[in-house]
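For reference, the structure discussed in these notes is given below.
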Number of protein chains: 2
Amino acid sequence: MSGLQKMNLQDTGALRERCADCTIRHRAICTYCSPHELALLDAIKFYKTFEPGQEIVAAGEETDFLGSVVDGVVALSKTLIDGRRQTVGLMFPSDFVGRAKRPVAPYDAVAVTPVRLCLFTRARFERILRQTPALEKRLLEMTLDELDAARDWMLLLGRKTAREKIATFLAILARRAAALENETPSDGPGFELPLTREAVADYLGLTIETVSRQITGLRKAGVIELADARNIRVPNYLALLDAAGDDADGGMID
Amino acid sequence: MSGLQKMNLQDTGALRERCADCTIRHRAICTYCSPHELALLDAIKFYKTFEPGQEIVAAGEETDFLGSVVDGVVALSKTLIDGRRQTVGLMFPSDFVGRAKRPVAPYDAVAVTPVRLCLFTRARFERILRQTPALEKRLLEMTLDELDAARDWMLLLGRKTAREKIATFLAILARRAAALENETPSDGPGFELPLTREAVADYLGLTIETVSRQITGLRKAGVIELADARNIRVPNYLALLDAAGDDADGGMID
DNA sequence: CGATATTTTGACCCGGCTCAACCCAAGTGG
DNA sequence: CCACTTGGGTTGAGCCGGGTCAAAATATCG
């Protein structure tokens, strides 16, 4: 947490907006909260922004705060002594970062895009959590969702080919992007890949070269179209799903 | 669930034992329950046994019961259309099988040893769950533990070599076995590997041939000793940890 | 004892890693 | 304005860890 903490006032807009108006109000940890409970959270929350690449928490470090992703993407990663790295979770807006009752983080959390978090201090959050079944219920739900996603990812990491890994990941992103705009994954203007090739490789258990080659492969096969390295369109979502090797639609958080 | 349901009375012993005397009383879902709450569970629980290889629930199937592993080991596995299989979790005694609120299972659950489960019907369990914060709290804890274990496994599946995978798995089993008898992982009489080579391969994202070769390799390197294919001793736990490639002790449930 | 799993071992091959070069866009400073 | 750097990204050549295929060796069990 040694980095710059200039709060970037202009693009954050209303730095301290009211919970009731929050974009993630109905998907985040506060989903089931009553107006009264929301007011309690409102009183103790604070926002914090991070630059791309900036570390949010380091593995083994004791964290004194936790909260929700409001904007941006956060990667949770584990590293072996010799530097091999595996990303074990990507956190999108409304996902909850930091674990109740576990003060020390078992992984790094790094901002992969500009990130804005809605945070609580650990002490305050746990006090409210104990008195608020609506929070606890939602926390359990979200944890179960993460567990499901983690297990889907275990199948991907353990058994899928490089091509299938890439296709699966792109299918998830395409579906996500389409869902946010109520479109089908095939027609929209495409979506932005918010990660570098390195971050993708870390997430999929591959190297950057293989990621690059497989993306090129999918492009040459006509399954995806690239405006540039980070902007992808999916002309045929079913073809992409097929390349992903899944039986049905690929599951994941959300 | 087409299989034999003969309850195997002799080796199950007291088929319906009192919760207070249960071997997993202080580790399972009921850990925090008061005597009164325990009595409620006691009234509605029932036991069921499964033979090795017997399917407990099939992926996509709607489950009408859920509960704790009392004896034996259960494997949770996912399968791709072409048959590639990945085990996403091993459930040992005290682990909870079946997810509250998710009626349909996203994976197969198969008994890999003789298994005895302490079960509740879904409807009854969820009713009690809603009225019993002690249960809900423990359920959240256990879910967080499973999530941690799943993420450790993602690192293993995505980034570890075959040798490291085997060493990691054996280290976990050795530590487990030692903990159950208050010994250090290096001195005990060794432990039994409760899985076939195929089940190990499914869990580690390998093939049975590679599993066999790497176990042989570790034996020839003097890191482990084999009485037979299923009985393993660890003369030097640190050497095993070293072969596992972890920085510290390999985490996992428990 | 044959019959059927499970495990081991061997020979070979290939998907994805390694190493290395190159491309391209965006700074940066003279 | 250009020379230089820097951080992504792509492409190529070669290699090797672990998969595949095949067969032998060992349990396990009627």
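First the proteins, then the strands, lettered A, B, ... as listed; each starts at 1. We use all heavy atoms of the structure for the numbers below, so side chains are in, but hydrogens, waters and symmetry mates are not.
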Below 3.5 Å between N/O atoms, which protein atoms pair up with nucleotides 4-7 of chain C? Just atom names and distances, please.
{"residue": "C:dT7", "atom": "OP1", "partner": "B:Arg230", "partner atom": "NE", "Å": "2.9"}
{"residue": "C:dT7", "atom": "OP2", "partner": "B:Arg197", "partner atom": "N", "Å": "2.7"}

If you look at every strand shown and take non-hydrogen atoms under 4.0 Å, does B:Gly53 touch a base, only sugar-phosphate, or nothing?
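No contact at all - B:Gly53 keeps every heavy atom at 4.0 Å or more from the nucleic acid.
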To the nearest angstrom, how far is [X] atom [atom1] from [N] atom [atom2]?
X: A:Glu209; N: D:dT10; atom1: CD; atom2: C1'; answer: 10 Å
X: A:Asp202; N: C:dC17; atom1: CG; atom2: P; answer: 12 Å
X: A:Asn231; N: D:dG9; atom1: CG; atom2: C1'; answer: 15 Å
X: B:Leu206; N: C:dT8; atom1: CG; atom2: C1'; answer: 16 Å
X: A:Gln214; N: D:dT10; atom1: CD; atom2: C1'; answer: 13 Å

List in chain and number order the residues that pass salt bridge (Lys or Arg N to Asp or Glu O under 4.0 Å) with B:Arg159, two or more places apart in sequence or in another chain; answer none if no residue qualifies.
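Partners of B:Arg159 by the salt bridge (Lys or Arg N to Asp or Glu O under 4.0 Å) criterion, ordered by chain and then number, come out as A:Asp202.
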Quick one: salt bridge (Lys or Arg N to Asp or Glu O under 4.0 Å) partners of B:Arg85, sequence neighbours excluded?
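Only B:Asp108 meet the salt bridge (Lys or Arg N to Asp or Glu O under 4.0 Å) criterion with B:Arg85.
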Checking only heavy atoms, does the side chain of A:Arg213 share a donor-acceptor pair with the base of C:dG15 at less than 3.5 Å?
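A donor-acceptor contact between them is absent.
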Selection residues 223-236 of chain A - residue pairs positive for salt bridge (charged side-chain N to carboxylate O under 4.0 Å, His left out), sequence neighbours left out:
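Of all non-adjacent pairs touching residues 223-236 of chain A, those that pass salt bridge (charged side-chain N to carboxylate O under 4.0 Å, His left out) are A:Glu225-A:Arg233.
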Return the 5'-most residue of the pair A:Arg219, B:Thr210 with respect to DNA chain D, ranking by each residue's nearest nucleotide.
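Counting from the 5' end, the first nearest nucleotide belongs to A:Arg219.
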For D:dT11, take OP1 and OP2 only and decide whether either is under 4.0 Å from a side-chain N or O of A:Thr216.
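For A:Thr216, the contact criterion (side-chain N or O under 4.0 Å from OP1 or OP2 of D:dT11) is met.
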Check this for me: does any side-chain nitrogen of one of [X] and [Y] sit under 4.0 Å from a carboxylate oxygen of the other?
X: B:Glu164; Y: A:Arg84; result: yes
X: A:Asp95; Y: A:Arg27; result: no
X: A:Glu146; Y: A:Arg151; result: no

Pull out every residue in [range] that has a heavy atom closer than 4.0 Å to any atom of DNA chain D, ordered by number, or say none.
range: residues 155-167 of chain B; answer: B:Thr161, B:Ala162
range: residues 221-228 of chain A; answer: none
range: residues 74-84 of chain B; answer: none

Is there a donor-acceptor pair closer than 3.5 Å between any side-chain N or O of A:Lys78 and the backbone N or O of A:Gln86?
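Answer holds: no.
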Quick one: does any side-chain atom of A:Lys48 pair with a main-chain N or O of A:Leu119 as donor and acceptor, under 3.5 Å?
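Checking the backbone N and O of A:Leu119 against the side chain of A:Lys48, no donor-acceptor pair under 3.5 Å is found.
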Estimated bend of the helix from C:dC1-D:dG30 to C:dG30-D:dC1 (axis per five terminal pairs, rounded to 10 degrees):
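Rounded value for the end-axis angle: 30°.
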Provide the full list of side chain to side chain donor-acceptor pair (under 3.5 Å) pairs with a residue in residues 211-223 of chain B, sequence neighbours left out, each pair given once.
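Sorted result for residues 211-223 of chain B: B:Arg163-B:Gln214.
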Identify whether NZ of Lys or CZ of Arg in A:Arg176 sits under 6.0 Å from the centre of the six-membered ring of A:Phe92 and within 45° of that ring's axis.
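Because its charged atom sits under 6.0 Å from the ring centre and within 45° of the axis, A:Arg176 does stack over A:Phe92.
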Among residues at least two apart in sequence or on other chains, which ones pass ring pair (Phe, Tyr, Trp, His ring centres under 6.0 Å) with B:Phe191?
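For B:Phe191 there are no ring pair (Phe, Tyr, Trp, His ring centres under 6.0 Å) partners, ignoring immediate neighbours.
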Counterpart residues, ring pair (Phe, Tyr, Trp, His ring centres under 6.0 Å), relative to A:Tyr107 (two or more places apart)
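Once residues adjacent in sequence are excluded, A:Tyr107 has no partner under the ring pair (Phe, Tyr, Trp, His ring centres under 6.0 Å) criterion.
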More than 12 heavy atoms of other residues, nucleotides or ligands under 6.0 Å from CD of A:Glu183: is that the case?
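Enclosed.
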The single option from B:Thr49, B:Thr23, B:Leu117 passing side-chain contact (heavy atoms from CB on, under 4.5 Å) against B:Val70:
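Exactly one candidate clears the test, B:Thr23.
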Which pairs with one or both residues in residues 210-235 of chain A pass ring pair (Phe, Tyr, Trp, His ring centres under 6.0 Å), sequence neighbours excluded?
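Pairs touching residues 210-235 of chain A that pass the test: none.
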Which of parallel (below 30°), tilted (30 to 60°) and perpendicular (above 60°) describes B:Phe169 and B:Trp153?
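The arrangement is perpendicular - the two ring planes meet at more than 60°.
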